[in-house]
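Notes follow once the structure below has been shown.
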Amino acid sequence: MKGTVLSVGFMPLVDAAPLIVAQEMGFAAEEGIALDLRRAPSWSSLRDMLSFGQVEAAHMLSPVPVASALGLGGAHAKLSAVSVLSINGTVIGVSNALAQKMRGQGHSFDFRDAYAAGNALIAAAGARLRIGVPFPFSMHAELLYYWLSALGLPAPQGVDIKTVPPSLMAEAIKAGEIDAFCVGEPWGSIAVENGVGELLLPGSAIWSFAPEKVLAVRSDWAEQETALMGRLIRSVCRAGRWLADPSSRLLRSELLARPEYLNMSADILDRSFDGRLVISKAGVERRVDQFMEFNTGAACFPWRSQAEWIGGQLAARLGLDRPAALAAAGSVFRSDLYRAAHARTSADMPIASSKVEGGVEVPTAVASESGQIILQPDRFFDGRVFEPNLG
């Protein structure tokens with residue numbers, strides 16, 4: 001049985017894997033649906049595809065639904081994040097010229113220390129730093145603003161953040177249009193493969209458990225098609241569990257490498273899944289634990305506090321009313337709909353829908369509906385924590 005067809009937009013990134021796997025491994029079919037996966041050329045086009053009803057769901061940057069709720073980015077439909085698709089998975093890279101200058105000033109490119117990397121980048125940049133990100137409202141941008149501001153480079157006043165589609169990031173740095181970038185894999189690795197840049201830091205070194213992409217739907221569709229949405233959520237979460245299983249290792253990259261999806265070498269995709277990244281054209285490799293998560297530590301759960309952190313960052317940067325921004329943002333990550341989708345399954349849920357962000361130093365057990373869930377470390381590099389609105 002083919003089932004009800006749902007059109008779903010995606011960008012060609014490794015963290016689109018849960019959607020691709022849900023369709024290709026039959027998890028969607030087992031829920032009585034089929035996913036018509038439609039590749040988009042840019043995040044703005046994907047947002048518009050969802051907003052104007054050309055697709056029913058989308059692989060989406062986590063800040064986009066929050067920005068929509070805050071009235072940012074133009075007049076678009078209200079969006080809801082009904083599941084988190086991926087945690088982390090971004091890299092910060094620099095041009096070859098900037099990398100050479102940083103090495104000359106003594107930076108080791110250890111791919112770990114956000115303080116050392118940031119200070120070395122600021123010192124070497126000299127004039128105003130130009131950094132490419134895939135979209136203005138993205139975790140890429142928010143991590144950069146947070147990181148550089150904490151190190152004393154006022155953002156956005158002290159840095160030019162430019163929008164560059166992920167697949168064009170290597171070309172932009174080669175052409176000298178940007179000095180550095182923050183992008184989701186595999187496009188940072190492609191810049192290294194093409195010999196035009198080096199990787200400086202994983203995004204997880206700034207926030208170790210950042211919600212990178214979400215499963216987004218229009219809020220009106222979420223209310224009207226609750227049963228269909230539940231099937232979609234369950235199939236994607238099953239795909240996340242499959243991706244986290246070591247036995248999937250040989251197949252997952254082959255699926256994504258197909259022409260209709262990412263259309264590139266499975267070996268490069270393997271590195272992203274494994275957190276085994278080649279950071280320079282000399283072949284230097286760095287291993288990053290929890291580089292990209294699809295299941296561990298309640299990774300799929302849409303915590304309201306994550307949305308509130310995003311809303312707080314946007315409010316501070318754009319001069320919005322902070323309490324209003326936190327309230328609007330918290331309503332976007334729909335933990336209620338996520339719980340409802342799993343109500344008659346064995347999936348365990350945390351009891352709370354918000355938590356202190358940045359407060360988990362080591363794997364920590366928290367109360368769940370069936371006992372306990374182990375949360376993974378979620379530290380910010382500077383040790384700050386974010387207290388959500390628990391009212």
Side-chain angles (χ1 to χ4, degrees), residues 15 17-18 21-22 27 31 62 80-89 139 203-205 207-215 229-249 273 275 288-310 326 329-381 383-391:
D15 53 31
V21 166
F27 301 134
E31 288 287 347
S62 59
S80 292
V82 295
S83 178
V84 173
L85 289 178
S86 63
I87 298 292
N88 301 332
M139 189 56 66
S204 59
W207 184 10
S208 63
F209 209 77
E212 173 58 28
K213 302 300 190 310
V214 295
L215 177 63
M229 184 185 59
R231 295 178 190 179
L232 177 60
I233 292 171
R234 289 191 297 271
S235 66
V236 169
C237 288
R238 281 193 64 191
R241 291 194 292 274
W242 182 87
L243 285 161
D245 188 329
S247 66
S248 73
R249 187 178 185 279
F273 280 121
V288 183
D289 293 334
Q290 289 190 304
F291 175 72
M292 188 182 302
E293 291 286 356
F294 298 102
N295 181 67
T296 304
C300 295
F301 190 77
W303 296 93
R304 289 170 55 93
S305 48
Q306 293 175 337
E308 287 183 22
W309 182 86
I310 295 168
L326 294 184
S331 69
V332 167
F333 274 36
R334 299 295 300 273
S335 51
D336 57 330
L337 297 179
Y338 184 89
R339 292 181 192 280
H342 291 93
R344 289 181 292 277
T345 73
S346 60
D348 201 5
M349 301 284 135
I351 290 176
S353 293
S354 287
K355 58 185 175 69
V356 174
E357 298 296 337
V360 180
E361 298 275 348
V362 296
T364 300
V366 298
S368 72
E369 295 175 359
S370 300
Q372 63 180 26
I373 287 176
I374 306 298
L375 298 184
Q376 297 301 301
D378 67 350
R379 290 190 73 255
F380 293 100
F381 83 101
R384 281 187 278 179
V385 298
F386 172 77
E387 298 276 356
N389 177 12
L390 299 176

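Source: prediction; values computed, not measured.
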| remark: Of all heavy-atom pairs linking Val385 and Val356, the shortest is CB-CG1, 3.9 Å

| Spacing of Glu212 atom CD and Phe209 atom CZ [to the nearest 0.5 Å] | 13.0 Å

| query | Are the side chains of Val84 and Val214 in touch, meaning some heavy atoms are under 4.5 Å apart? | reply | yes

| query | So how far is it from Glu387 CD to Leu326 CG, rounded to the nearest 0.5 Å? | reply | 12.0 Å

| field | Distance, nearest 0.5 Å, that separates SG of Cys300 from CD1 of Ile233 | value | 10.5 Å

| Do the non-hydrogen side-chain atoms of Trp303 and Pro350 ever get within less than 4.5 Å of each other? | yes

| remark: Heavy-atom nearest pair, Ala341 first then Arg234, reads O-NH1, 2.7 Å

| task | Looking only at non-hydrogen atoms, find the nearest pair between Phe301 and Ser335 and report the distance. | result | CZ-CB, 3.6 Å

| Can you name the nearest heavy-atom pair linking Ser86 to Asp15, along with the distance? | OG-CB, 3.3 Å

| said: Rounded to the nearest 0.5 Å, what separates atom CD in Glu31 from atom CG in Leu232? | reply: 9.5 Å

| Mind checking whether Tyr338 and His342 have parallel, tilted or perpendicular rings, split at 30° and 60°? | tilted

| note | dist Asn88:CG -> Phe294:CZ (nearest 0.5 Å) comes out at 10.5 Å

| Hey, does the side chain of Ser62 reach the backbone of Pro211 with a donor-acceptor pair shorter than 3.5 angstrom? | yes

| Working for side-chain hydrogen bond (donor to acceptor under 3.5 Å, both in side chains), residues Glu293 and Gln376 | CA-CA 10 Å; Glu293 291 286 356; Gln376 297 301 301; over 6 Å; no

| Side chain of Arg304, backbone of Ser354: donor and acceptor closer than 3.5 Å? | no

| message | I'd like to know if the side chain of Ser370 reaches the main chain of Asp348, judged simply by a donor and an acceptor atom lying under 3.5 Å from each other, with no hydrogens or angles considered. | response | no

| task | Could you tell me which non-hydrogen atom of Ser368 sits nearest to which non-hydrogen atom of Ile373, and how far apart they are? | result | CB-CG1, 3.6 Å

| message | Using 0.5 Å steps for rounding, measure from the CG atom of Leu337 to the OG atom of Ser83. | response | 11.0 Å

| task | Look only at the side chain of Arg241 and the backbone of Asn295, and say whether a donor-acceptor pair between them is shorter than 3.5 Å. | result | no

| query | Sequence neighbours excluded, which residues qualify as ring pair (Phe, Tyr, Trp, His ring centres under 6.0 Å) partners of Phe380? | reply | Tyr146, Trp207, Trp309

| request: Taking the side chain as every heavy atom from C-beta outward, state whether Met139 and Ile310 have any pair of such atoms under 4.5 Å apart. | output: yes

| Does anything in residues 367-380 pair up under salt bridge (Lys or Arg N to Asp or Glu O under 4.0 Å), and if so which pairs, sequence neighbours excluded? | Arg339-Glu369, Lys355-Asp378, Glu361-Arg379

| query | Which atom names give the shortest non-hydrogen contact between Thr364 and Val362, and what distance separates them? | reply | OG1-O, 2.6 Å

